[in-house]
Amino acid sequence: MTKCNPVATPVDTDSKLSATSGPAFSDLTLYRSLAGALQYLTFTRPDIAYAVQQECLFMHDPREPHMHALKRILRYLQGTINHGLFLSVSTISGLTTYSDADWAGCPDSRRSTSDFCIFPGDNLISWSSKRQATVSRSSAEAEYRGVANTVAETTWLRNLLL
């Protein structure tokens, strides 16, 4: 896919993938190796963490739309080949943390996904995109669970830095 047309975002914002959408993908090894390679790439490209996490949910039974979504991530990477995680010397004046959650984002289980990223100074050092363990009854509950995970990680990092 070195000569593919790039896209502006790693995921299609108009649709949600389901575990049963579309016909089964024939080459399981190809899907799993590509998803695994993209998962490894998230160490230096946290901008694709959510998209890759969503595709890794379907490794046990990938479908054609899931493979199309993996190819979309590759197309995004083709257009943003110079992006990456760069660490620079900076003073740590405090930890800046961002958190978000989608409410009932999974069409199969109706569970939410929590995301966070943590910056000491100007450098990103911790990030996560993870499906919540239980179904939230409201968007406020989903956000609260996401913030609770973020606070736990931030507290651990704060104690580590002290």
Quick check on the hydrophobic clustering: are [X] and [Y] connected, directly or via other members, by side-chain heavy-atom contacts under 4.5 Å?
X	Y	value
F119	F43	no
L74	I81	no
W156	I125	yes
L124	L161	no
L34	V7	yes

Restricting to pairs with a member in residues 65-80, which pass salt bridge (charged side-chain N to carboxylate O under 4.0 Å, His left out), not counting sequence neighbours? none

How close do [X] and [Y] get, counting heavy atoms only, and between which atoms?
X	Y	result
A104	S112	N-OG, 3.0 Å
S109	V135	O-CG2, 3.6 Å
R131	C106	NH2-SG, 3.3 Å
P107	S18	CG-CA, 4.1 Å
A142	A101	O-CB, 3.6 Å
Y76	A8	CE1-O, 3.4 Å

With heavy-atom distances below 4.5 Å as the criterion, would you say the side chains of [X] and [Y] are in contact?
X	Y	answer
L77	L41	yes
P120	L157	no
P6	T80	no
R145	T134	yes
T42	L38	no
M67	L30	yes

Mind checking salt bridge (Lys or Arg N to Asp or Glu O under 4.0 Å) for D61 and listing every partner two or more places apart, or none if nothing turns up? R63

Donor-acceptor pair, distance only, cut-off 3.5 Å: does the side chain of [X] make one with the backbone of [Y]?
X	Y	answer
D122	S90	no
T113	K130	no
Q78	T2	yes
S128	D115	no
E55	A35	no
R32	M59	yes

Distance only, no hydrogens: is a donor on one side chain within 3.5 Å (strictly under) of an acceptor on the other, for T97 and T150? no

So, E153 and S126: side-chain donor and acceptor under 3.5 Å apart, yes or no? yes

Rounding to 0.5 Å, atoms OG1 (T155) and CG (L160) come to a distance of 12.5 Å

dist I73:CD1 -> I48:CD1 (nearest 0.5 Å) comes out at 6.5 Å

Sequence neighbours excluded - ring pair (Phe, Tyr, Trp, His ring centres under 6.0 Å) pairs with any residue from residues 47-67: F58-H66

Please test D102 against K16 for side chain to side chain contact (heavy atoms under 4.5 Å, CB included), starting from the C-alpha separation and ending with a verdict. CA-CA 12 Å; D102 71 339; K16 292 279 186 179; 3.6 Å; yes

So L17 and Q54, side chain to side chain contact (heavy atoms under 4.5 Å, CB included) or not? Walk me through it. CA-CA 8 Å; L17 292 175; Q54 290 296 308; over 6 Å; no

